[in-house]
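Structure first, then comments.
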Amino acid sequence: MYNSQIAEIFEEIADMLELDKEKDRKFEILAYRKAAVTIGTLQEDVGDIYRKRGLAGLQELPGIGKSTSEHIKEYIETGRLKKYDELKKKYPIDFARLTNIQGLGAKRILKLYKMLGVKNIDDLKRAIKAHEIRDLEGFGEKSESEIGKSIAMLESSGGRMLLGIALPEAERIRDAIRNSGLVERVEIGGSTRRMKETVGDLDILVISSKSDAVMDFVSRLSEVERTLAKGPTKTTVRLKIGLNCDIRVLEKSSFGAAIQYFTGNKDHNVKLRQIAIGKGLKLNEYGLFDKKGTNTVTGSEEEIYRKLGLDWIEPEMREDRGEIELAQQHKLPRLVQLGDVRGDLHVHSRYTDGANSIEEIADEAAKLGREYIGMTDHSKSEYVTGGMTDKEFEKYFAAVDKINDKFDNRITLLKSSEMDILKDGSLDLQNKTLDSMDYRLAAVHTSLKMDEDEMTKRIIKAFDTGYINIFAHPTERIINQRPPIKMNLDKIFEAAKDNGVALEIDSFPNRLDLSDENILLARKYGVKFAIDTDAHRTEHLKLMRYGVSTAKRGWLTKDQVINTRSLKELRTFFKR
DNA sequence: GCCGTTTTCGGCCCGACTGTTTTCAGTCG
């Protein structure tokens, strides 16, 4: 896999070109950065693309042209890149790591190198300890300590935080500001609004005529550790949970433009600006301006999209993955909504590793308005969770039946299991047990390090039994902790389609598995999906919104998600 | 360096804040 290496090299080339004093290479630098993003976020290995379709294949990628495609070719064939090596000879500095530090760009890094010989983070830490940085021109005591803090943070958190932690925090801050009586309106923006699986910082937008008072109020919130920057329109605070939060106070007339701008993502916004330019307009965070400099929008975000000739795009889609073009053609998909969800097909009870009784779960699920839930406790091979034998499943299902009778029409409980797909691709329970279930959910839990070929065969063999209705958390990844298992996604998705297996979108914030990107890939195969909570406690039943947002980020419509169906329709799907 | 229903040449998003200055460069998003 060359992608991350090449992306890093392009980024470093861009950093080093910034240091060229001879000429302004602004746009060349921009081009390298864009190419780095393209390669860095590519799902397919760039080496494969080159081998299969050559330079022409590379040049079809956005931001990759004649020169950068030649660079990629050179690196793949020789393992080196002359242009990079030459620049690196001039600047033997680890820009890739050093630019991750807040407040350090290429130019200040160069100064640190020339004056103090700093080449990498370790050198930098030494320089801070010796208090050598504060005396440099353009630096000071403040810079020295901020750089030190940034290194510490980088080393402790590793960067981005789970949406499942960041969103509730953002909502607490939003609600506190809303209840302060100081503001007319307050909304969450940024990647949190786009419901991206991890977020780098929080953006909160406010309409208020009392800017100073709002900024003071925010600085004193109990969630805030310290204030990093404070101005009349923008304040940045460090939150105790280890995230930065920007608060922006805006004029009422620019709120629509601002919420659009600060929701992003960046590529989406750049494209909108280009469309604006094409219409003789200028879009920025304050409005959509005509040639005379008059703001033509004063209201909502919808108005901006409309004036640009686009349908309004849900925030989850705003990643510049083709949504703008669809909006121009008025062909955006109608995305599945949280309110469309009628049931939850992956729930655990105290029978294995859940914390609540079946009755407690059924009660809470009914309160949430679910029409049905699937009880999916573990099978015997998952022994760390107390996985059940065939015999124990008989008792389990008898208990489910009993609660079902008790709840009458309030909610329907379905009999199922989160069953292990064993190492050889066979299933963990006897056919007789499987036949007694309403449907079967299956997952891989062991031997996660198998090679791609073996894992793919293992899973497809399980699908081919014809018993599996839902493939749970397909890639087994844990965000920031465990990489996805190796398997051929194309083959798996095709086999899922052929066998009528729905792919799960596990709503647990550290899973979100399938991910948005994998959903986008899978939907092309015509597969169906199930958005489940994988709840292990009653409060987990509320995590459904994360799964639904992930589905929206994967462009799914209601009819592609099986648990938006009535129970009757769902049973038909399970029968195939 | 990339790109093209304005263009194979001439554009490419642009404003806010900080620290260290004493009018602004660097960084960030």
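Numbers restart at 1 for each chain; the letters A, B, ... are given by sequence-line order, proteins then strands.
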Residue whose nearest DNA chain B nucleotide is more 5′ - Lys234(A) or Leu61(A)
Leu61(A)
Sugar-phosphate only, base, or nothing, as touched by Leu104(A) at under 4.0 Å among non-hydrogen atoms:
sugar-phosphate
Got more than 12 heavy atoms from elsewhere within 6.0 Å of NZ, Lys119(A)?
no
Within this structure, what is the CG-CD1 distance for the pair Leu332(A) and Ile324(A), rounded to the nearest 0.5 Å?
10.0 Å
What interatomic distance, in whole Å, is found between P of dT6(B) and the corresponding atom of dC12(B)?
15 Å
When both hydrogen-bonding distances must be under 3.5 Å and the geometry is Watson-Crick or G-U wobble, what is dT8(B) paired with, if anything?
none
Looking across every strand, which nucleic acid part, if any, lies under 4.0 Å from Tyr32(A) by heavy atom: base, sugar-phosphate, or nothing?
sugar-phosphate
More 5' along DNA chain B: Gly103(A) or Gln59(A), using each one's nearest nucleotide?
Gln59(A)
What distance, rounded to whole Å, do you find between the two P atoms, one in dT5(B) and one in dG1(B)?
23 Å
Going by the angle between their ring planes, with limits at 30° and 60°, are His268(A) and Tyr305(A) parallel, tilted or perpendicular?
tilted
Rounded distance in Å between the C1' positions of dT21(B) and dT27(B)
16 Å
Scan Ile64(A) against the nucleic acid and name what it touches under 4.0 Å (heavy atoms): base, sugar-phosphate only, or nothing.
sugar-phosphate
Considering every strand and a 4.0 Å limit on heavy-atom distances, what is the contact class for Tyr261(A): base, sugar-phosphate, or nothing?
base
Under 4.0 Å, heavy atoms only, any strand: does Lys83(A) hit a base, just the sugar-phosphate, or nothing?
sugar-phosphate
Would you please indicate yes or no on a ring centroid separation below 6.0 angstrom for Tyr84(A) and His71(A)?
no
Can you give me the closest heavy-atom contact between Ser507(A) and Tyr546(A), atom names plus distance?
O-CB, 3.5 Å
Considering every strand and a 4.0 Å limit on heavy-atom distances, what is the contact class for Gln102(A): base, sugar-phosphate, or nothing?
sugar-phosphate
Would you classify Glu144(A) as touching base, sugar-phosphate or nothing, given that sugar-phosphate means primed atoms plus P, OP1 and OP2, and contacts are heavy atoms under 4.0 Å?
nothing
Which part of the nucleic acid does Tyr286(A) contact within heavy-atom distance under 4.0 Å: base, sugar-phosphate only, or nothing?
sugar-phosphate
By the 4.0 Å heavy-atom rule, please label Lys34(A) as base, sugar-phosphate, or nothing.
nothing
Look at all strands and tell whether Gln274(A) reaches a base, only sugar-phosphate, or nothing, counting heavy atoms closer than 4.0 Å.
sugar-phosphate
For Arg321(A), is there any backbone N or O sitting under 3.5 Å from a side-chain donor or acceptor partner on Glu323(A)?
yes
What distance, rounded to whole Å, do you find between the two P atoms, one in dC13(B) and one in dT18(B)?
26 Å
Tell me what Ile101(A) touches on the nucleic acid: a base, only sugar-phosphate, or nothing, going by heavy atoms under 4.0 Å.
sugar-phosphate
Span that lies between the P atom of dT20(B) and that of dA16(B), in whole angstrom:
22 Å
Just by distance, do the side chain of Thr38(A) and the backbone of Lys34(A) share a donor-acceptor pair under 3.5 Å?
yes
On a whole-Å scale, what distance lies between the P atoms belonging to dC17(B) and dT22(B)?
23 Å
Using a heavy-atom cut-off of 4.0 Å across all strands, would you classify Thr233(A) as base, sugar-phosphate, or nothing?
sugar-phosphate
Any salt bridge between Glu169(A) and Arg172(A), counting N to O under 4.0 Å?
yes
Of all nucleotides in DNA chain B that come within under 4.0 Å of a heavy atom of chain A, which is furthest toward the 5' end and which toward the 3' end?
dG1(B) to dG29(B)
If you measure from the P atom in dT23(B) to the same atom in dC28(B), how many Å do you get, rounded?
25 Å
